[in-house]
Amino acid sequence: MRSLRNKGAAMLVAVVVAGALLGGESGMRAAAADAGAGNPSAAAPGLGVDLDTVTIPQLQARMGDGSLTSSALTRAYLQRIKAIDPRIHAVLRTDPTALRQAAASDARHRRGTVRGPLDGIPVLVKDNVNTRGLATTAGSPALAGKPPRTDADLVTRLRKAGAVILGKANLSEWANFRAEKSTSGWSAVGGQTHNPYVLDRNPCGSSSGSAAAIAASLAQVAIGTETDGSIVCPASINGVVGHKPSLGVVSQDGIVPISAEQDTAGPMARNVTDTALTLSVISGAGGLTDTVLRPDGLRGKRIGLWRLPSLGPEVDALMTRTAKKLRAAGAEVVEVTLPYQKRVAELEFPALLSEFHRDIDAYLATRHGPRDLAGLIEFNRTHPAERTCFAGQEVFEQALAAPSTTDPKYRAMRAELKGLSRRSIDETMAAHRLDAIAAPADSAAWRTDCAAGDPEGASPSTPAAVAGYPSLSVPAGFVGELPVGLMLMAGDRQDGKLLSLGASVEDRLDAWRPPRYLPTVG
């Protein structure tokens with residue numbers, strides 16, 4: 001979840017890429033004083049690639065001709081983590097077997113038995129996704145004992161594809177589903193993840209570490225998870241690409257849950273190409289072809305712009321500039337307003353409470369530690385580390401008392417919620433003959449404040465999240481020094497179409513740039 005402050009009082013997919021502030025800068029500028037100003041160089045000595053801009057196909061071409069090894073690439077990312085992550089707190093732990101995994105990939109490259117586009121590519125995995133032999137905690141000491149016995153399904157797919165599991169990324173503890181007044185990016189295990197663009201600003205939740213790590217070029221790609229906003233918001237606020245797949249495209253097996261009705265894992269990267277290639281692996285779609293983006297990739301496309309001016313005048317002005325660029329590329333941009341959002345907001349949180357109680361009990365039964373939600377609540381009461389940023393666990397307590405998912409009232413609520421959210425997108429797209437709906441993915445990053453928690457605000461992610469439809473955030477530009485993303489939504493299982501369109505939008509906006517004040521490595 002992006003934050004419970006927004007709880008609203010009240011295919012397999014054949015992915016084809018058609019293409020290839022305001023204030024608050026003092027903390028980062030102070031860091032720059034002892035790190036050296038200017039853009040950091042992400043070109044590790046001897047590596048011959050710029051980690052800020054290189055794509056997976058480019059890396060594979062280099063590994064294919066023998067001018068780069070996965071071992072050298074993995075070592076370069078481990079070096080960046082050691083040098084840069086102490087400022088960001090995005091990476092909880094690195095995998096001690098990472099270099100052995102890379103060496104095995106190098107052997108496959110020499111033999112000509114490469115397993116696919118991710119073979120030898122370093123990947124960070126959010127710490128609510130099971131990794132055998134490597135701690136998976138959801139940010140809580142309650143799960144910090146024995147690691148999971150088995151990998152999550154998506155991790156199994158990554159390993160089979162030859163990817164290097166580089167380590168685990170910090171997150172908002174329990175995916176921001178513990179307290180009413182929570183702070184995104186904080187966990188009792190990992191502390192507070194910082195936004196790499198301005199360190200006293202928030203990275204958004206709950207895939208905060210995954211997004212911040214990619215923005216700082218600490219891995220080539222990362223895995224995030226989303227129930228509502230937890231991929232697209234941190235992607236937006238950290239200036240990277242994040243794709244929330246259609247529900248069911250990526251298996252939920254082995255992932256710490258909130259709700260089986262909305263949860264999904266998805267890829268995060270610095271470009272759409274790498275995002276799509278990673279989705280093809282974790283979904284099992286395979287066979288993704290990367291081609292060169294046509295200059296007229298947006299020509300004739302109809303995009304509905306949902307402006308959401310409540311996110312602030314600076315974000316709205318950025319959307320105006322974005323629409324102008326899309327029109328200049330040949331797209332037709334029409335303004336739309338999605339219906340039923342007030343009722344969807346009223347229904348979502350109560351439904352999630354019932355689903356969380358059911359699903360977290362089932363997950364905890366597979367792990368060492370508290371065996372159910374009641375045990376988890378008691379654990380938090382007796383462990384002071386859980387109260388070092390915010391003390392509450394009101395959401396846990398409400399979930400414990402929520403109606404069962406067998407209750408007819410709950411079932412009616414979820415049915416209405418799913419129907420209205422799908423209609424909000426389907427009817428809007430049909431009425432305006434749209435290829436996609438676009439919106440600002442969120443506001444610019446706010447100051448991190450444990451006492452105040454995250455601010456209230458609009459939730460652009462909710463329609464697609466509740467409907468189980470795909471959404472994609474691509475960098476749109478900056479408000480001062482803070483990135484803001486453009487979120488694209490489409491209908492069920494249209495992930496490939498959305499990624500193809502996203503590649504064209506990314507090419508036109510060309511808004512990715514690395515954080516300015518990180519230390520130079522090497």
Side-chain angles (χ1 to χ4, degrees), residues 11-15 56 60 70 74 91-109 113-138 143 146-169 171 175 207 209-210 219-226 231 243-257 260 263-269 274-288 359 362-368 495:
M11 112 190 178
L12 293 178
V13 178
V15 183
I56 289 173
Q60 289 295 351
S70 175
T74 301
V91 181
L92 284 176
R93 63 194 68 88
T94 56
D95 190 330
T97 72
L99 287 172
R100 291 205 298 273
Q101 297 174 57
S105 175
D106 291 337
R108 289 191 294 272
H109 278 86
T113 58
V114 177
R115 296 176 178 176
L118 257 62
D119 201 336
I121 301 300
V123 180
L124 280 171
V125 179
K126 186 177 176 180
D127 199 41
N128 61 350
V129 179
N130 284 1
T131 44
R132 69 174 187 268
L134 187 64
T136 300
T137 70
L143 295 180
K146 292 185 178 180
R149 292 188 296 270
T150 59
D151 285 327
D153 179 85
L154 74 86
V155 175
T156 297
R157 293 180 182 277
L158 286 169
R159 293 192 197 277
K160 286 182 177 178
V164 174
I165 305 301
L166 191 63
K168 303 302 284 287
L171 71 164
S207 303
S210 298
Q220 189 66 26
V221 294
I223 303 300
T225 68
E226 176 165 326
I231 289 176
H243 179 64
K244 184 202 82 71
S246 296
L247 188 68
V249 165
V250 177
S251 171
Q252 299 174 37
D253 177 66
I255 300 175
V256 182
D263 291 351
T264 182
M268 309 177 84
D274 289 3
T275 303
L277 287 167
T278 306
L279 178 65
S280 74
V281 168
I282 64 174
S283 67
L288 183 134
D359 295 341
Y363 177 83
L364 291 174
T366 70
R367 296 291 306 276
H368 293 273
D495 299 69

*Asks:* Where the side chain of Thr225 meets the backbone of Thr264, is there a donor-acceptor pair that is under 3.5 Å apart?
*Replies:*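 No, Thr225 side chain to Thr264 backbone: no donor-acceptor pair under 3.5 Å.
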*Asks:* If you define the side chain from C-beta out and look only at heavy atoms, does anything of Arg115 sit under 4.5 Å from Arg108?
*Replies:*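 They are in side-chain contact.
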*Asks:* Please answer whether the main-chain N or O of Ser246 pairs with a side-chain N or O of Asp495 as donor and acceptor at a distance below 3.5 Å.
*Replies:*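 Looks like yes, one N/O pair under 3.5 Å.
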*Asks:* Could you tell me if Asp119 and His109 have a donor-acceptor pair between their side chains, going purely by distance under 3.5 Å?
*Replies:*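 No, Asp119 and His109 have no side-chain donor paired with an acceptor closer than 3.5 Å.
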*Asks:* Is the shortest side-chain N to carboxylate O distance from Arg93 to Asp127 below 4.0 Å?
*Replies:*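 Salt bridge: yes.
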*Asks:* Side-chain contact, heavy-atom cut-off 4.5 Å: Pro267 with Thr275?
*Replies:*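 Yes, at least one pair of side-chain atoms sits under 4.5 Å.
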*Asks:* Do you know the tightest heavy-atom contact between Arg367 and Asn130?
*Replies:*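 Result for this residue pair: NH1-OD1, 4.0 Å.
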*Asks:* Taking side chain as C-beta onward, heavy atoms only, is Leu158 less than 4.5 Å from Leu154?
*Replies:*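 Yes, side chains in contact.
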*Asks:* For Asp253 and Ser251, does a side-chain donor sit closer than 3.5 Å to a side-chain acceptor?
*Replies:*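 Checked: Asp253/Ser251 side chains show no N/O donor-acceptor pair below 3.5 Å.
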*Asks:* Which pair of heavy atoms, one from Arg157 and one from Ile282, lies closest together, and at what distance?
*Replies:*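 Taking every non-hydrogen atom into account, CD-O, 3.2 Å.
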*Asks:* To check you understand the geometry: which heavy-atom pair defines the closest contact between Val123 and Ala163, and what is its length?
*Replies:*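 Closest approach of Val123 to Ala163: CG2-CB, 4.0 Å.
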*Asks:* Minimum heavy-atom separation for Pro117 and Ile56, please, with both atom names.
*Replies:*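 The answer is O-CG2, 3.1 Å.
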*Asks:* Using the salt bridge (charged side-chain N to carboxylate O under 4.0 Å, His left out) rule, collect all pairs that involve residues 274-283, keeping only residues at least two apart or in two chains.
*Replies:*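 Matches after skipping sequence neighbours: none remain.
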*Asks:* Give the minimum heavy-atom separation between Met268 and Ile231, together with the two atoms involved.
*Replies:*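 Between these two residues, the closest heavy atoms are CE-O, 3.6 Å.
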*Asks:* Could you go through the side chain to side chain contact (heavy atoms under 4.5 Å, CB included) check for Leu364 and Leu143 one step at a time?
*Replies:* CA-CA 9 Å; Leu364 291 174; Leu143 295 180; 4.0 Å; yes
